[in-house]
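For reference, the structure is listed below as C-alpha cells.
Along the sequence shown, residues carry numbers from 1.
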Amino acid sequence: MTAVLETQTPSVRSESGRPVPLGRLTVVELRKLADTRAGLWLLIVIGLATVGTSAIMLGWATDAEQTFEGLFGFGMLPSAVLLPVLGILSMTAEWSQRTALTTFTLVPARERVIVAKLAAGVIIAIASTVATLALAAVANLLAGALGGDGGWDIAGSLIWQGLAMQVLYVLMGLGFGALLLNSPLAIVAFFALPTVWTILGETIKALRTATGWIDINTTTTAMGEANMTGDEWARVGVSAAIWVLVPLALGIWRVLRREVS
C-alpha cells in the first residue's frame with residue numbers, strides 16, 4: 001500500500017522518514033491548483049478576463065480614464081472575484097476528490113498541509129497582482145499610442161492595498177472551503193452569504209450601522225481608493241475577523257479532527 005501511495009504522489013515522498021519540507025509541500029499545492037480541469041480552466045478564465053478588462057478600457061473608456069492607475073484598478077476585479085474560488089477548490093480537493101487518505105498518509109501532520117495551502121493561496125494572490133500590474137503597464141503604453149491619457153501616476157498605497165484585498169479574499173475562500181469541505185456548497189456560501197448580508201444591510205435601517213463594520217463587501221470598497229484612513233482599516237479588520245478568521249479557524253479545527261476514510 002505504501003509503495004502504491006508513493007508512486008501516485010512522488011513529489012511529496014519524504015526521505016529517511018524525515019518530514020516533507022514545507023517548501024516542497026507549498027510547491028505541490030501550487031501545482032495542484034492547475035492539476036484539475038476546474039482549476040486549470042479557472043486560471044485560464046481569470047487570465048482572459050484580466051486581459052478583457054484592458055481591452056474594455058482601451059475600447060470604451062474615456063481618454064482621461066485610460067491611465068496606469070485606471071487600468072490596474074479595473075484589471076484587479078476578475079482575480080478579486082475568481083481567485084477565492086481557486087482557494088476553495090484547493091482546500092476541498094482532498095475531500096471532494098477522495099485523496100485525503102493518500103495526502104494524510106504521506107504527510108500525517110495535517111497542519112503542515114493546511115499551512116502549505118495557505119501559503120500557496122497567498123503566493124497566487126501576489127502573482128496575480130504582479131501580473132495585473134504588468135498587463136496594466138502594457139495596456140497603458142497602448143493607450144498612449146492610441147491617443148488616450150497614458151499617464152503613469154499611481155498612488156503606491158493603491159498597489160499594496162490591492163494586494164492586501166486579493167490576499168484577504170483568497171484566505172476567505174480557503175476558510176469557507178475548510179469549514180464546509182464541499183466545493184459546490186462552499187462556493188455558493190462564499191458568494192451568497194455576504195451578498196445576503198449586504199442586501200439586508202441596505203434594506204433594513206436598523207442594520208445599516210452594523211453593516212458599515214460587518215459587511216466585507218462594503219468595508220473593502222475603501223481598499224480601491226488611495227490612502228485609507230485608520231477608521232477604514234478598522235472596519236476592514238472587523239469584517240475580516242468575521243468573514244475570514246472565524247471560518248478559517250473553525251475550518252482548520254474541522255480538518256484536523258475529521259476522520260479520513
When you group the ILVMFWY residues by side-chain heavy-atom contacts below 4.5 Å and let the links chain together, are [Y] and [X] in the same group?
{"X": "L135", "Y": "L146", "value": "no"}
{"X": "L30", "Y": "W41", "value": "no"}
{"X": "L42", "Y": "V51", "value": "no"}
{"X": "W160", "Y": "V244", "value": "yes"}
{"X": "I46", "Y": "M57", "value": "no"}

Spatial distance of atom [atom1] ([X]) from atom [atom2] ([Y]) [nearest 0.5 Å]:
{"X": "I242", "Y": "D215", "atom1": "CD1", "atom2": "CG", "result": "10.0 Å"}
{"X": "T203", "Y": "R208", "atom1": "OG1", "atom2": "CZ", "result": "8.0 Å"}
{"X": "L180", "Y": "L185", "atom1": "CG", "atom2": "CG", "result": "4.5 Å"}
{"X": "I123", "Y": "L118", "atom1": "CD1", "atom2": "CG", "result": "11.0 Å"}
{"X": "L207", "Y": "L200", "atom1": "CG", "atom2": "CG", "result": "6.5 Å"}
{"X": "I214", "Y": "T219", "atom1": "CD1", "atom2": "OG1", "result": "10.5 Å"}

Non-hydrogen atoms of [X] and [Y] that approach each other most closely:
{"X": "W197", "Y": "W243", "value": "CB-CZ2, 4.3 Å"}
{"X": "Q97", "Y": "T36", "value": "NE2-CG2, 3.2 Å"}
{"X": "F68", "Y": "L133", "value": "CE1-O, 3.5 Å"}
{"X": "L22", "Y": "V115", "value": "CD2-CG1, 3.8 Å"}
{"X": "L174", "Y": "M91", "value": "O-CG, 3.6 Å"}
{"X": "S90", "Y": "L33", "value": "CB-CD2, 3.7 Å"}

Are any non-hydrogen side-chain atoms of [X] and [Y] less than 4.5 angstrom apart?
{"X": "F72", "Y": "T132", "result": "yes"}
{"X": "V81", "Y": "F191", "result": "yes"}
{"X": "V170", "Y": "V122", "result": "no"}
{"X": "N140", "Y": "W152", "result": "yes"}
{"X": "L250", "Y": "V246", "result": "yes"}
{"X": "T195", "Y": "I199", "result": "yes"}
{"X": "V255", "Y": "V113", "result": "no"}

Looking only at atom types and distance, does a side-chain atom of [X] sit under 3.5 Å from a main-chain N or O of [Y], one as donor and one as acceptor?
{"X": "R235", "Y": "G212", "value": "yes"}
{"X": "E111", "Y": "L256", "value": "no"}
{"X": "T99", "Y": "T102", "value": "no"}
{"X": "S157", "Y": "N227", "value": "yes"}
{"X": "T103", "Y": "A100", "value": "no"}
{"X": "T220", "Y": "M223", "value": "no"}
{"X": "R110", "Y": "R258", "value": "yes"}

Please assess L86 against L82 for the test side chain to side chain contact (heavy atoms under 4.5 Å, CB included), listing each intermediate value before the final yes or no. CA-CA 7 Å; L86 202 62; L82 296 176; over 6 Å; no
Is the count of non-hydrogen atoms from other residues, nucleotides or ligands lying under 6.0 Å from D231 atom CG greater than 12?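 Yes, enclosed.
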Which class fits the ring pair W95 and F104: parallel under 30°, tilted 30 to 60°, perpendicular over 60°?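 Tilted, since the angle between the ring planes falls between 30° and 60°.
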Residue pair V20, L106: steps toward the side chain to side chain contact (heavy atoms under 4.5 Å, CB included) verdict: CA-CA 9 Å; V20 180; L106 293 170; over 6 Å; no
Under the side-chain hydrogen bond (donor to acceptor under 3.5 Å, both in side chains) rule, what pairs show up with a residue in residues 57-82, not counting sequence neighbours? T62-E65, S79-S128, S79-Q166
